[in-house]
Amino acid sequence: TLSVLTELIARYGADAIHIVTNSLDGWIKVSLNYASCIAKIYGEIEALLLRHRITMQSAQSLYAKRVAQSTPTQWKQFCFDAIFAASQKQYSHVLSIGDQWTDHYAVKQSVALLADEVDKPTHHVIKLKMAPTVNDMINEVLYIKACFAQIFDVISCKKSAFFENPKAVRPVIIDY
(Lines give C-alpha, C1' and ligand atoms only; values in the text may rest on other atoms or scores of the structure.)
Protein backbone atom coordinates (compact mmCIF):
# COMPACT_ATOMS: atom_id res chain seq x y z
CA THR A 1 0.00 0.00 0.00
CA LEU A 2 2.81 2.41 0.84
CA SER A 3 4.50 1.86 -2.53
CA VAL A 4 1.22 2.22 -4.45
CA LEU A 5 0.37 5.45 -2.60
CA THR A 6 3.88 6.78 -3.17
CA GLU A 7 3.62 6.01 -6.89
CA LEU A 8 0.16 7.63 -7.16
CA ILE A 9 1.42 10.79 -5.42
CA ALA A 10 4.48 10.94 -7.68
CA ARG A 11 2.43 10.42 -10.83
CA TYR A 12 -0.67 12.53 -10.15
CA GLY A 13 0.17 14.77 -7.21
CA ALA A 14 -1.20 14.64 -3.69
CA ASP A 15 -3.98 17.10 -4.51
CA ALA A 16 -5.50 14.57 -6.93
CA ILE A 17 -5.81 11.83 -4.28
CA HIS A 18 -8.78 11.77 -1.92
CA ILE A 19 -9.67 9.16 0.70
CA VAL A 20 -13.35 9.09 1.60
CA THR A 21 -14.67 6.74 4.28
CA ASN A 22 -18.03 6.18 5.93
CA SER A 23 -16.25 5.55 9.22
CA LEU A 24 -16.19 8.34 11.76
CA ASP A 25 -13.89 11.33 11.43
CA GLY A 26 -10.34 10.45 12.45
CA TRP A 27 -10.80 6.70 11.94
CA ILE A 28 -8.08 6.45 9.29
CA LYS A 29 -5.42 8.12 11.45
CA VAL A 30 -6.42 6.19 14.58
CA SER A 31 -6.43 2.87 12.70
CA LEU A 32 -3.02 3.54 11.17
CA ASN A 33 -1.70 4.61 14.56
CA TYR A 34 -2.88 1.38 16.23
CA ALA A 35 -1.70 -0.76 13.32
CA SER A 36 1.75 0.84 13.52
CA CYS A 37 2.14 -0.90 16.90
CA ILE A 38 2.01 -4.19 14.98
CA ALA A 39 3.92 -3.18 11.84
CA LYS A 40 6.03 -0.06 11.33
CA ILE A 41 4.83 0.39 7.74
CA TYR A 42 1.43 1.68 8.95
CA GLY A 43 3.17 4.56 10.69
CA GLU A 44 4.99 5.26 7.42
CA ILE A 45 1.66 5.29 5.55
CA GLU A 46 0.21 7.70 8.11
CA ALA A 47 3.28 9.94 7.85
CA LEU A 48 3.04 9.90 4.03
CA LEU A 49 -0.65 10.87 4.10
CA LEU A 50 0.01 13.69 6.57
CA ARG A 51 3.21 14.93 4.89
CA HIS A 52 1.45 15.22 1.53
CA ARG A 53 -1.79 16.52 3.08
CA ILE A 54 -3.85 13.82 1.38
CA THR A 55 -7.54 14.57 1.79
CA MET A 56 -9.11 12.14 4.29
CA GLN A 57 -12.83 12.74 4.78
CA SER A 58 -15.51 11.01 6.78
CA ALA A 59 -18.66 11.12 4.66
CA GLN A 60 -20.68 10.00 7.68
CA SER A 61 -19.35 12.77 9.93
CA LEU A 62 -19.91 15.39 7.25
CA TYR A 63 -23.37 14.42 5.97
CA ALA A 64 -25.23 11.88 8.16
CA LYS A 65 -26.82 14.50 10.41
CA ARG A 66 -26.78 17.35 7.89
CA VAL A 67 -28.99 15.56 5.32
CA ALA A 68 -32.00 13.88 6.94
CA GLN A 69 -32.95 10.39 5.77
CA SER A 70 -29.74 10.07 3.74
CA THR A 71 -27.88 6.80 3.20
CA PRO A 72 -24.17 5.90 3.43
CA THR A 73 -23.98 5.81 -0.37
CA GLN A 74 -25.43 9.32 -0.53
CA TRP A 75 -22.97 10.56 2.11
CA LYS A 76 -20.12 9.39 -0.08
CA GLN A 77 -21.68 10.89 -3.19
CA PHE A 78 -22.05 14.23 -1.38
CA CYS A 79 -18.34 14.05 -0.50
CA PHE A 80 -17.32 13.27 -4.07
CA ASP A 81 -19.63 16.04 -5.37
CA ALA A 82 -17.89 18.49 -3.03
CA ILE A 83 -14.42 17.28 -4.06
CA PHE A 84 -15.23 17.80 -7.75
CA ALA A 85 -16.88 21.18 -7.06
CA ALA A 86 -13.89 22.44 -5.06
CA SER A 87 -11.28 21.23 -7.53
CA GLN A 88 -9.70 23.52 -10.08
CA LYS A 89 -8.65 20.46 -12.09
CA GLN A 90 -10.40 19.20 -15.18
CA TYR A 91 -10.24 15.46 -14.63
CA SER A 92 -10.27 13.24 -17.70
CA HIS A 93 -10.09 10.05 -15.62
CA VAL A 94 -11.28 9.18 -12.13
CA LEU A 95 -10.22 6.00 -10.34
CA SER A 96 -12.13 4.61 -7.38
CA ILE A 97 -10.62 1.86 -5.21
CA GLY A 98 -12.75 0.19 -2.58
CA ASP A 99 -14.43 -2.95 -1.30
CA GLN A 100 -18.07 -1.88 -1.71
CA TRP A 101 -19.85 -1.55 -5.06
CA THR A 102 -21.89 1.23 -3.46
CA ASP A 103 -18.69 3.30 -3.08
CA HIS A 104 -18.01 3.01 -6.80
CA TYR A 105 -21.65 3.79 -7.54
CA ALA A 106 -21.35 7.01 -5.50
CA VAL A 107 -18.36 8.08 -7.61
CA LYS A 108 -20.23 7.13 -10.79
CA GLN A 109 -23.18 9.31 -9.75
CA SER A 110 -20.88 12.25 -8.96
CA VAL A 111 -19.15 11.93 -12.33
CA ALA A 112 -22.55 11.79 -14.06
CA LEU A 113 -23.55 15.08 -12.41
CA LEU A 114 -20.56 17.00 -13.74
CA ALA A 115 -21.76 19.81 -16.00
CA ASP A 116 -19.67 19.35 -19.14
CA GLU A 117 -21.14 16.35 -20.97
CA VAL A 118 -18.38 16.35 -23.60
CA ASP A 119 -15.45 16.26 -21.18
CA LYS A 120 -16.88 14.06 -18.43
CA PRO A 121 -14.10 11.94 -16.95
CA THR A 122 -13.93 8.22 -17.55
CA HIS A 123 -14.55 6.37 -14.28
CA HIS A 124 -12.20 3.43 -13.61
CA VAL A 125 -12.84 0.95 -10.80
CA ILE A 126 -10.68 -1.33 -8.68
CA LYS A 127 -13.15 -3.36 -6.63
CA LEU A 128 -11.49 -5.10 -3.71
CA LYS A 129 -12.88 -8.07 -1.75
CA MET A 130 -15.48 -7.19 0.87
CA ALA A 131 -14.23 -9.53 3.58
CA PRO A 132 -10.64 -10.31 2.63
CA THR A 133 -8.22 -12.45 4.52
CA VAL A 134 -4.76 -11.04 5.17
CA ASN A 135 -3.50 -13.10 2.22
CA ASP A 136 -6.28 -11.69 0.00
CA MET A 137 -5.25 -8.12 0.89
CA ILE A 138 -1.60 -8.89 0.21
CA ASN A 139 -2.50 -10.43 -3.15
CA GLU A 140 -4.70 -7.45 -4.08
CA VAL A 141 -1.90 -4.98 -3.37
CA LEU A 142 0.66 -7.16 -5.16
CA TYR A 143 -1.65 -7.44 -8.18
CA ILE A 144 -2.26 -3.69 -8.31
CA LYS A 145 1.47 -3.09 -7.97
CA ALA A 146 2.31 -5.65 -10.68
CA CYS A 147 -0.26 -4.15 -13.04
CA PHE A 148 0.46 -0.58 -12.00
CA ALA A 149 1.93 0.52 -15.32
CA GLN A 150 -0.87 -1.04 -17.37
CA ILE A 151 -3.64 0.29 -15.14
CA PHE A 152 -2.34 3.80 -14.61
CA ASP A 153 -0.70 4.32 -18.00
CA VAL A 154 -4.12 3.76 -19.58
CA ILE A 155 -5.44 6.52 -17.35
CA SER A 156 -2.62 9.01 -17.87
CA CYS A 157 -1.14 8.33 -21.31
CA LYS A 158 -1.41 11.30 -23.67
CA LYS A 159 1.55 10.55 -25.95
CA SER A 160 -0.15 8.62 -28.75
CA ALA A 161 -2.98 9.81 -30.96
CA PHE A 162 -5.15 7.01 -29.55
CA PHE A 163 -5.06 8.63 -26.11
CA GLU A 164 -5.57 12.25 -27.22
CA ASN A 165 -9.32 11.74 -26.87
CA PRO A 166 -10.01 10.68 -23.27
CA LYS A 167 -13.21 8.97 -24.47
CA ALA A 168 -11.12 6.64 -26.65
CA VAL A 169 -10.10 4.85 -23.45
CA ARG A 170 -12.63 2.36 -22.11
CA PRO A 171 -13.07 2.18 -18.34
CA VAL A 172 -10.74 -0.21 -16.54
CA ILE A 173 -12.72 -2.37 -14.10
CA ILE A 174 -10.95 -4.90 -11.88
CA ASP A 175 -13.15 -6.99 -9.58
CA TYR A 176 -11.49 -9.43 -7.16
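Side-chain contact annotation: D136 with T133, donor-acceptor N/O pair under 3.5 Å present. When only modelled atom types and interatomic distance are considered, S70 and W75 share a side-chain donor-acceptor pair under 3.5 Å. Side-chain contact annotation: H124 with S96, donor-acceptor N/O pair under 3.5 Å absent.
L8 and L50 fall within the same hydrophobic cluster, defined by Ile, Leu, Val, Met, Phe, Trp and Tyr side-chain heavy atoms under 4.5 Å apart, directly or through other members. V20 and L62 sit in two unconnected hydrophobic clusters of ILVMFWY residues. Membership requires side-chain heavy atoms under 4.5 Å apart, directly or through other members. In the hydrophobic clustering of ILVMFWY residues, with side-chain heavy atoms under 4.5 Å counting as a link, I97 and Y105 come out apart. Note on I144: it clusters hydrophobically with L49, by side-chain heavy-atom contacts below 4.5 Å among ILVMFWY residues. In this structure, L5 is not a member of the same hydrophobic cluster as L142, with clusters built from ILVMFWY side-chain heavy atoms closer than 4.5 Å.
Put simply, the side chain of T6 gets close to the backbone of L2: a donor and an acceptor are under 3.5 Å apart. Looking only at distances, no side-chain donor or acceptor of Q57 sits under 3.5 Å from a matching main-chain atom of T21. Between the Q74 side chain and the T71 main chain, a donor and an acceptor come within less than 3.5 Å of each other. Side chain of N139 to main chain of N135: a donor-acceptor pair is present (N/O by atom type, distance under 3.5 Å, no hydrogens or angles). Side chain of S87 to backbone of F84: no donor-acceptor contact under 3.5 angstrom is found. A side-chain donor-acceptor contact under 3.5 Å links Q60 to the backbone of N22. In this structure a side-chain-to-backbone donor-acceptor pair under 3.5 Å is present from S61 to D25.
Contact check for Q77 versus L113: side-chain heavy atoms found under the 4.5 Å cut-off. Residues K76 and T73 have side chains not in contact (no heavy-atom distance under 4.5 Å, counting atoms from C-beta outward). Looking at L95 and I126, their side chains come closer than 4.5 Å, going by heavy atoms from C-beta outward. A 4.5 Å side-chain heavy-atom check between L32 and I28 finds at least one atom pair inside the cut-off. Residues N33 and E46 are in side-chain contact: their nearest non-hydrogen atoms beyond the backbone lie under 4.5 Å apart.
Counted within 6.0 Å of CZ on R53, heavy atoms from surrounding residues, nucleotides or ligands total 12 or fewer; the atom is thus considered open.
Counting all heavy atoms, side chain and backbone alike, S23 lies closest to S58 at O-OG, 2.6 Å. Across every non-hydrogen atom of H104 and K127, the tightest pair is NE2-CA, 3.7 Å.
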